[in-house]
Amino acid sequence: MAFLISISASFGAFFLVVFLVLALQNTRSLDLYYRMRRYNVAPTIKRLNTAEDLIVKGYQYLQKISKPLVERNFAQSLEYRMKRAGLPLLGGEYIVLNLLAMALIGVLTWFIALNHIFAIVAAALVPLIFWLIILTLSKRRLGAFTEQLGTSLITISNALRAGYSFQQTIEVISNEMEPPIGEEFSEMYHQIVMGVPLEEVLEDANKRIGSSDFELAVTAVLIQREVGGNLAQILDNISATIMERIRMRREIESVTAQGRMSAMVLLGLPFAAGIGMFTLAHDSFMILFQEDIGKMAMVAAVIFEIVGYFVIMKIVDIEV
């Protein structure tokens, strides 16, 4: 019972931390500000209530203690991941947040369970869960970006035919389109305004977004700027290709839905069975944690669960 209580408390504290971090998205105005933070540009934040004020102060404290890590290479490599997930965090801030959450959950688990092994396991799960959440948010945001990309390319080609320059079409997309594509094009536009060459802006956006469809459009634009050609017609063809790929992905998702549901059931069924056994046959269930053969069986079950899940997901993951 102490183990279940400690795990529940750990997850509760973890999701509270994640909620506070995600709530900070409501305080940002322009992505430009988040790229200028490392130069100590003071924010202008409208404080609405005490709760928001506490969140902002906590975030400012996180910025201060993570400042030594911001310029490190390993921290900067994480910034693209944060941007792909839509989180207003630098790489160093993410690392410090992980360490703080690990310490908090580890100490909380130890006070509840009075077992250092439980505390170490709970603390070790924190960065894994953080990373899984980031991957999930990145995948969701990338899917939304891809859904908007085809329409955006058509808008750009129509604007080019109407006499707009390519830089002006970027401004049009940043003003007219909803997030996430509006946010990404807004950052591209602000970089252009600051004097960054268009080629570097497009390459940086390609690395930041991580979309194969967008990479195709960026490659076409860069080639057209070197050798010339009808960019509007090229973008129309790319847009048609992207929309066809989206249609094929949706068909594949509908066909593989049963397989993906099987993977989720495979993961959830052992936990449901364990809760039932813990409630109905407590003494027999605790043998799995008290006897050596039971511990070996638990380890083997976890390994086979993980292997089975990844095998199923590999089967249903069809590249388009």
Side-chain angles (χ1 to χ4, degrees), residues 3-4 7-8 10-12 14-15 18-19 22 80-87 121-122 124-153 178-181 184 209-217 238-281 284-285 288 294-320:
F3 175 75
L4 294 177
I7 292 298
S8 300
S10 301
F11 277 104
F14 164 72
F15 284 114
V18 173
F19 172 77
L22 295 178
Y80 284 122
R81 285 288 185 180
M82 300 299 104
K83 292 178 180 179
R84 289 177 188 177
L87 297 176
V121 172
L125 288 175
V126 171
L128 176 61
I129 297 175
F130 264 62
W131 193 248
L132 290 176
I133 290 177
I134 288 175
L135 292 180
T136 302
L137 293 176
S138 300
K139 184 177 180 180
R140 184 180 303 171
R141 193 169 187 270
L142 179 59
F145 180 91
T146 304
E147 292 284 341
Q148 295 175 301
L149 183 58
T151 304
S152 299
L153 293 180
E178 297 291 331
I181 199 168
E184 296 295 343
I209 297 170
S211 168
S212 58
D213 295 323
F214 184 70
E215 182 180 5
L216 181 63
I238 294 175
S239 176
T241 302
I242 292 174
M243 290 183 174
E244 181 64 19
R245 290 176 65 177
I246 292 174
R247 185 189 64 80
M248 293 183 63
R249 287 195 192 103
R250 290 174 177 172
E251 290 184 0
I252 291 173
E253 287 179 358
S254 64
V255 173
T256 59
Q258 182 178 357
R260 287 183 280 110
M261 181 59 67
S262 299
M264 300 304 297
V265 172
L266 178 67
L267 282 182
L269 186 60
F271 293 99
I275 294 174
M277 291 179 63
F278 181 83
T279 304
L280 302 176
S284 300
F285 180 74
L288 295 174
K295 295 177 181 178
M296 294 173 60
M298 290 291 290
V299 172
V302 171
I303 293 175
F304 285 125
E305 279 286 316
I306 296 175
V307 171
Y309 174 79
F310 282 106
V311 168
I312 294 176
M313 295 307 294
K314 186 66 177 178
I315 292 174
V316 300
D317 184 18
I318 301 175
E319 294 291 336
V320 179

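Throughout, numbering of the chain's residues begins at 1 and tracks the sequence. This structure is a prediction, so every number in the text was calculated from the model and none was measured. Quick note: numbers below take in every heavy atom, side chains included, and nothing from hydrogens, waters or symmetry partners.
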Between Ala217 and Ile238, what is the shortest heavy-atom contact and its length?
CA-CD1, 4.0 Å
Nearest-0.5 Å distance, CG of residue Leu216 to CD1 of residue Ile242
6.5 Å
Please give me the minimum heavy-atom distance between Phe145 and Ile209, naming the atom from each residue.
CZ-CD1, 3.6 Å
List the atom of Ser211, the atom of Leu142, and the distance in Å for their closest heavy-atom pair.
CB-CD1, 3.4 Å
Which residue in the set Lys83, Met82, Arg84 passes side-chain contact (heavy atoms from CB on, under 4.5 Å) when paired with Ser138?
Arg84
Over all heavy atoms of both residues, which pair between Ile312 and Gly259 is shortest? Give the atoms and the distance, please.
CG2-O, 3.3 Å
Mind checking the CG-CZ spacing from Leu125 to Phe130? Nearest 0.5 Å is all I need.
12.5 Å
How close do Gln148 and Glu178 get, heavy atom to heavy atom, and via which atoms?
NE2-O, 3.0 Å
Met261 CE: over 12 foreign heavy atoms closer than 6.0 Å
no
Kindly say whether Ala281 contributes a backbone atom to a donor-acceptor pair with the side chain of Ser284 at under 3.5 angstrom?
no
Quick one, Ser212 and Arg245 - any side-chain contact, counting heavy atoms below 4.5 Å?
yes
What distance separates Leu266 CG from Leu269 CG, expressed to the nearest 0.5 Å?
8.0 Å
Rounded at 0.5 Å granularity, tell me how far CZ in Phe285 sits from CG in Leu280.
11.5 Å
Decide side-chain contact (heavy atoms from CB on, under 4.5 Å) for Trp131 and Arg81; before the verdict, give the C-alpha distance in whole Å, the side-chain angles of both, and the deciding distance to 0.1 Å.
CA-CA 10 Å; Trp131 193 248; Arg81 285 288 185 180; 3.8 Å; yes
Report the distance from atom CG of Leu288 to atom CE of Met296, rounding to the nearest 0.5 Å.
13.0 Å
What heavy-atom pair brings Glu305 and Leu267 nearest, and what distance separates the two atoms?
OE1-CA, 3.7 Å
So how far is it from Leu153 CG to Asp213 CG, rounded to the nearest 0.5 Å?
9.0 Å
Decide yes or no on side-chain contact (heavy atoms from CB on, under 4.5 Å) for Met243 and Met248, but give the supporting numbers first.
CA-CA 9 Å; Met243 290 183 174; Met248 293 183 63; over 6 Å; no
So which of Leu137, Leu135, Thr136 actually passes side-chain contact (heavy atoms from CB on, under 4.5 Å) with Ile133?
Leu137
Arg140 meets the side chain to side chain donor-acceptor pair (under 3.5 Å) criterion, sequence neighbours left out, with none
With a 4.0 Å cut-off, would you call Glu147 and Arg250 a salt bridge?
yes
Arg249 bridged to Glu253 by N-O distance under 4.0 Å:
no
